[in-house]
Amino acid sequence: MCSIIGYRGFAPAARIIVDGLKKMEYRGYDSVGVSTLYAGRIETRKGVGKVAEVDNSQRLSALPGTTGIGHTRWATHGGVSASNAHPHQSNSMKISIVHNGIIENYQSIKQRLRSEGYSFKSQTDSEVIANLLQKNMELTGSIRESMLRTLARLEGSYAFIAIFDGGTIAAARFKEPLIIGLAQSAYYLASDVLGFSDQTANAIFLGDKELVIIDASGMEILNFDGEEIQPVVTKIANEFLTVQKGEYTHFTLKEIYEQKSTILRTAEAQWYDSRPILDRLTSCKNLYMTGSGTSFHAAQVGSYLLSKYAKKRAEPLIASEVQFLPCFLDEDAVLLAISQSGESADVLNAVNLAKKKGTEIISVINSLTSSLFRESAYSIGLHCGPEIGVAATKSFTSQLVVMYRLASHLSEGKFNPNFGQVSLAISQILLSSSKIKQIAEQDLKRVSDVYVLGRGVNYPIALEGSLKIKEISYVHAEGLPGGELKHGPLALMNEDVSVILVNPDDCTHADTLTGAHEIKARGGRIIGISNVYNEIYDSWIEIPTVDVATFPIVESVPLQLLAYYTSIEKEANPDYPRNLAKCVTVR
Ligand code: BG6
């Protein structure tokens, strides 16, 4: 997934574009580029690296002109190189484009254009958009016609922005997010409100198969059939207006520390459609929960809680697997789709597949302006504020809080989790973060392999812990149900291996300790995350005692901190882990 941005106004465009790209950098950060229009000529500068680095080396923000576009890349087609970085200019140099998504039929378009004399400088799929626009401009002489003809030719998923040497900026979206920002005498276009939310709070969320053309006479929005669309202006929620790190070194650490208050915000948030949501969840014959990455782990915890406390069977499905799974998605089923961003393509794909079978969609999302929000019958917001760190942290614990609230509602009040107690426990754990830093340095920095074990509802938390360690510290980590170690992975146990036991004093405690002795017997180092000490632990991370049911929320925080500090010890950048992006909008 990439980030794209455009500006047309009276201020120097390049500075605004570079600042906007910095705010959206979590969407992709292997290369960057900017094009601006000045005195009828488009100039492009781009390079490999993060925005600040390339801005420094290529002086991106010094580009002249009050109209421009910019891009940060997460490579899909063509390696990480300056020639594959966006923007891409057409052969005539009169058009420049930035693109997010995948043009699935780019090879046939490229072949055809090549046969008509066009040449290509990159290996990307995106560059065909620039030359196709040029071809259609030369055929029609109209930007509107050239856009419509080009869109009729493209297959796949895309949001792209183009600038033309006459001063017009045009953009279109199909399956990828694109938002227009309206200011006094300026227009912004971006993949995420964060790209311009410090400039204006007035936004238009472009619908699927819609395009926008902005020139000296103003703005027009059309659908792909060329019909005019009346835009709806939305006020961006305050929490999305400014996102700063404050006194924290990284967004990831800031977002871990925010959890003592964000879980309370999620616990107290009003659910507008709670009655119909709870009725549907109660009455549906089959209930499925789906998500990708961290959100899938929240679905696993949710399935456990609904079965245990509400006697409601709910099957967790990995979103990218739904298309291959034989499941009973039909008009009697509900699919609870969990996604922080609401833009993960695998989740949207699973949702579209289910909708085709008549299944009702209820979503749990952080971004209430996302594609998933628009695809859902009902949505439950996390209200934990924007999450910038690529590895999900506060959104995970807020997703868990929503799962607990659902189980409580469906248990007809028999199950009442105490979120106040959980928030206090998290505050206590944050106070001992220096000890966790020490353990990361001592037990995780130098090992080749880490196993994270948990039993029962602690197993998905173990999976989440191992994902965090993999995502941001580049150490191989595997999450396992505690009882499975002896059925294979134990063969890999030796002094170079650390094992994290997610081991609260609940029904799984004794069995997990039994497994610990098998590990110890083969030389493995044991880190125990528990509210009770045991001498088998080489390192103990104490968590406060809370109601047994809510240990999964509390024990997630030390796992996040272990991953964060291991990343620091290994001199990685936890906010922008290599090869990843905050949400992946391509399948
Ligand atoms: C990945 C992120 O791209 O997508 C993970 O790196 C995240 O942190 C996963 O859990 C799913 O994202 P979302 O937005 O659908 O919850």
Within the 4.5 Å heavy-atom criterion, are [X] and [Y] side-chain neighbours or not?
X	Y	answer
Gln560	Thr397	yes
Gln300	Leu463	yes
Ile129	Ile109	no
Val322	Thr290	yes
Glu375	Asn352	yes
Tyr564	Glu255	no
Asp575	Ile388	no
Met403	Ile338	yes

Self-check item: Stepwise side chain to side chain contact (heavy atoms under 4.5 Å, CB included) check, Leu335 with Val351
Solution: CA-CA 8 Å; Leu335 179 67; Val351 161; 4.3 Å; yes
Inspect the contact between [Y] and [X] and indicate whether a charged nitrogen and a carboxylate oxygen are less than 4.0 angstrom apart.
X	Y	result
Lys260	Glu258	no
Lys582	Glu387	yes
Glu210	Arg173	no
Glu471	Lys468	yes
Glu220	Arg144	yes

Quiz item: What do the steps show when you test Ser341 against Ser367 for side-chain hydrogen bond (donor to acceptor under 3.5 Å, both in side chains), and what is the final call?
Solution: CA-CA 6 Å; Ser341 61; Ser367 165; over 6 Å; no
Between [X] (side chain only) and [Y] (backbone N and O only), is there a donor and an acceptor less than 3.5 Å apart?
X	Y	answer
Thr359	Lys355	no
Ser303	Ala299	no
Arg265	His383	yes
Asn223	Asp225	yes
Lys357	Glu331	no
Asn286	Ala333	no
Tyr106	Glu127	no

About how many Å separate [atom2] of [Y] and [atom1] of [X], when rounded to the nearest 0.5 Å?
X	Y	atom1	atom2	result
Ser530	Ile543	OG	CD1	6.0 Å
Glu478	Leu453	CD	CG	9.5 Å
Ser408	Phe419	OG	CZ	7.0 Å
Glu360	Leu287	CD	CG	11.5 Å
Leu189	Met219	CG	CE	9.5 Å
Tyr459	Tyr304	OH	OH	14.5 Å

Quiz item: Going through the distances and angles, do Glu176 and Ser157 end up as a side-chain hydrogen bond (donor to acceptor under 3.5 Å, both in side chains)?
Solution: CA-CA 6 Å; Glu176 301 290 349; Ser157 68; 3.0 Å; yes
Quiz item: Where do Ser370 and Glu343 land on the side-chain hydrogen bond (donor to acceptor under 3.5 Å, both in side chains) test, with the steps shown first?
Solution: CA-CA 6 Å; Ser370 61; Glu343 299 292 353; 4.8 Å; no
Is the number of heavy atoms from other residues, nucleotides or ligands under 6.0 Å of [X] [atom1] greater than 12?
X	atom1	result
Lys486	NZ	yes
Glu145	CD	yes
Arg112	CZ	no
Lys308	NZ	no
Glu268	CD	yes

Exercise. Run the numbers on Ile179 and Leu206 for side chain to side chain contact (heavy atoms under 4.5 Å, CB included), then give the verdict.
Key: CA-CA 6 Å; Ile179 306 143; Leu206 215 56; over 6 Å; no
Exercise. Please assess Glu555 against Asn503 for the test side chain to side chain contact (heavy atoms under 4.5 Å, CB included), listing each intermediate value before the final yes or no.
Key: CA-CA 9 Å; Glu555 64 207 15; Asn503 195 20; over 6 Å; no
Between [X] and [Y], does any side-chain donor sit less than 3.5 Å from a side-chain acceptor?
X	Y	answer
Thr72	Ser3	yes
Asn136	Thr150	yes
Asn458	Asp506	yes

Quiz prompt | CA sep, side-chain torsions, deciding dist, call: Tyr188, Ile180, side chain to side chain contact (heavy atoms under 4.5 Å, CB included) | solution = CA-CA 6 Å; Tyr188 301 80; Ile180 305 167; over 6 Å; no
Quiz item: Yes or no on salt bridge (Lys or Arg N to Asp or Glu O under 4.0 Å) for Glu315 and Arg313, after CA distance, side-chain angles and deciding distance?
Solution: CA-CA 7 Å; Glu315 196 177 333; Arg313 189 188 142 92; 3.8 Å; yes
Angle between ring planes, [X] versus [Y], binned at 30° and 60°: parallel, tilted or perpendicular?
X	Y	value
Tyr29	Tyr576	perpendicular
His86	His71	parallel
Tyr309	Phe415	parallel

Ignoring hydrogens, what is the shortest heavy-atom contact between [X] and [Y]? Give both atom names and the distance.
X	Y	value
Pro177	Ser191	CB-O, 3.6 Å
Gly6	Ile161	N-CD1, 3.6 Å
Ile229	Leu222	CG1-C, 3.6 Å
Ala337	Val347	CB-CG1, 4.1 Å
Cys384	Ser398	CB-OG, 3.5 Å
Pro577	Ile472	CG-CG2, 4.1 Å

Self-check item: Cationic tip of Arg405 above Trp271 ring, under 6.0 Å, 45° of axis
Solution: yes
Quiz item: Given the rule in the side-chain hydrogen bond (donor to acceptor under 3.5 Å, both in side chains) test, do Glu464 and Thr294 qualify, once you have shown the distances and angles that lead to the verdict?
Solution: CA-CA 6 Å; Glu464 177 57 12; Thr294 294; 3.1 Å; yes
Quiz item: Is the distance between the ring centroids of His297 and Phe396 less than 6.0 Å?
Solution: no
